[in-house]
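Worksheet for the structure shown next.
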Amino acid sequence: MTTKISIQQVHKYFRVKRNLGHLKETVQPISALQDINLEVKQGEFMVIVGPSGCGKSTLLDLLAGLSKPNRGQIRLDGNEIAGPNLDRGIVFQQYALFPWKTALANVEFGLEAKGVGRKERRASALEYIQLVGLAGFENRYPHELSGGMKQRVAIARSLAYDPEVLLMDEPFAALDAQTRETLQSELLRIWEATKKTIIFITHGIEEAVYLGQRVAVMTSRPGRIKQVIEVPFESRTSEDDLRSNPEFVKIRHQIWDLLKDEVQRAQEQEKSKTLHAGNLKSNAKGVAANG
Amino acid sequence: MANVNVSTGKLLTRYENNQSTSRERVDWLHWTITKLHHVFKNSIVIITFLALWEAAPRLGLVNETFFPPITEVAKAWWGLLLSGDFVDHTVTSLTRSIGGFTLAILVSIPLGLAIGWWKTAAEYLNPLLEVFRNTAALAILPVFILLLGLGETSKIAIVFYACVFPLLLNTISGVRNVDPLLIKSARSMGLSPISLFRKVIIPASVPTIFVGIRQAGASSILVLVAAEMVGAKSGLGYLIQYTQFSFQITEMYAGIISISVIGLIINYLLVQLEKRLTSWKQVYSE
């Protein structure tokens, strides 16, 4: 298999304005991603899992071309990613459907951007609506659809313009457990039908093991790739309860072990940040009272 | 045994059919009652109000000369309508108010879209716009009259002024408050800034722009009537002022009621237009 996406020594910093009470504003660079190296093969289902705030979404933005790495590069088919393009499709956690468009018109949106003719657009959109199992709901507006249905529309929209890579940013995190499981197996079915390369970001370990052929585990901030784990299941879409397979349980535990410390560290970071911010606030209050 | 079963089955279906027709009847009855209840809820207070208006002067609770019963007012209104005065004044007023309103829409919405899109412009202009918005239009009516005279121009200008700011500010905030995720999603599909603006920013800000349109619609009437009372030779505001001066109290009330009815109609039309343009929005049923 050929390499589809290659992430090479990518670093990303953010400049965060920090107002330290009565002191003057200082701009501190915060490292979000540090030396990320990852190769994703053609047609592979790659899952990236990490604690919250580890820069998973930053990495996805870089892959989408919505922002640029400060160092290193990301190549798609050997060419450096220059900006957003229809060769990559994104599915967001919050669906990002256009509320003034029907399900069908939402799916057509990307095709419109691609310059596909009206008739062809409609036919193609209908096809993808069918693929995600929403036939009969074409003319509903997003507010008339449930969360799971909205996410199906969003997936259809991203697939419709036929991107080479599908980037998914915790797409099922906002759904209830049952809908999530249904959509997970649906996604596997769609992946097998369309043979797309998928990069799927999640903080759910079970989701990661269930979906990914390989799972990249990230560290807490600054995000690095801690380890990439192979998940050697042949057919995921079989009827068996994969989740209770001993191999599955073993891999899940392995990832859990890798993540345990990271999650703890991430939580401590979060705590100290909040505490710090709180201190600043009370300081500022004190100053105000004195002044 | 089999026979018995069949007949029981038939009986059961017949029973079920009966059930369903009676349920339909109940549904229909229920629907009618809900409808009636709705009409009752909407009109009872108005009817009571009109009845009080009729009764109070007749019973001598208020002075009939200054507060004539509603039926007398209605008669006066009919008289005004027959004489053609009412139509003339209404047409004059509507021309002014719709003229100023339309001009304001033509200027404010494109300008607001541009300012909202261009962040720096919005940040610089916002304080000034807030000052203008909070300057009551009527307070600068004298300025308009000084500069533009007593003719139509000053009337249209004051309506225009009163409509521009709600429209402009709402359009700007509509553009600035488009869900960033929608913009991100559209950008990820490689949309150029111009198509992003046309296909995402504008449709997403329509609901907020409409808030401005309705505010402007309301103030276009309000300001106009006041302006006509101060310096005009025609229009509904002038009619009210004139009838009061010449002690035609019933005609004065007729004029007042006409204005509130026109206000209601304009608001209703704008609400209908809004519903049509934003039919995709969630409708909360009562």
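Please read these numbers as outputs of a predicted model, since none were measured by experiment. Atoms considered below: every heavy atom in the structure, side chains included; atoms not considered: hydrogens, waters and symmetry mates.
- Looking at B:Leu191, only its side chain comes within 4.5 Å of chain A, counting heavy atoms on both sides.
- Under a cut-off of 6.0 angstrom, the local environment of CD1 in B:Ile44 is crowded, with over 12 non-hydrogen atoms contributed by other residues, nucleotides or ligands.
- Side-chain contact between A:Arg157 and B:Met189 is present, with at least one heavy-atom pair separated by less than 4.5 Å.
- For A:Arg121, the CZ atom sits in a packed shell: over 12 heavy atoms of surrounding residues, nucleotides or ligands are nearer than 6.0 Å.
- By the 6.0 Å contact criterion, CZ on B:Phe132 is open, its count of non-hydrogen atoms from other residues, nucleotides or ligands being 12 or less.
- With a 6.0 Å radius and a threshold of 12 heavy atoms from other residues, nucleotides or ligands, A:Arg122 has its CZ atom at or below the threshold.
- For a residue to count as touching a neighbouring chain, one of its non-hydrogen atoms must lie under 4.5 Å from one of that chain's; by this rule A:Leu167 does not touch chain B.
- Residues A:Phe98 and B:Pro203 fail the side-chain proximity criterion, which asks for heavy atoms closer than 4.5 Å.
- For B:Ile194, the CD1 atom is loosely surrounded, since the number of other residues' heavy atoms within 6.0 Å does not exceed 12.
- Residue contact with chain A, scored on non-hydrogen atoms closer than 4.5 Å, involves the backbone and the side chain of B:Val200 alike.
- With contacts defined as side-chain heavy-atom distances shorter than 4.5 Å, the pair B:Lys184/A:Asp61 qualifies.
- Between chain A and the options B:Ser188, B:Ser192, B:Ala186, the largest number of non-hydrogen pairs under 4.5 Å is found for B:Ser188.
- The two atoms that bring A:Pro99 and B:Leu182 nearest to each other are CD-CD1, 3.9 Å, heavy atoms only.
- Of all non-hydrogen atoms in B:Lys199 and A:Trp100, the two that sit nearest each other are O-CZ2, 3.3 Å.
- In this structure, chain B has no heavy atom under 4.5 Å from any part of A:Asp87.
- Interface remark: A:Arg88 contributes backbone atoms only to the contact with chain B (heavy atom separation under 4.5 Å).
- The greatest number of non-hydrogen atom pairs below 4.5 Å with chain B, out of A:Ser158, A:Gly65, A:Ala96, is found for A:Ala96.
- Interatomic distance, CD1 of B:Ile183 versus CG of A:Leu66, reported as 12.0 Å (0.5 Å rounding).
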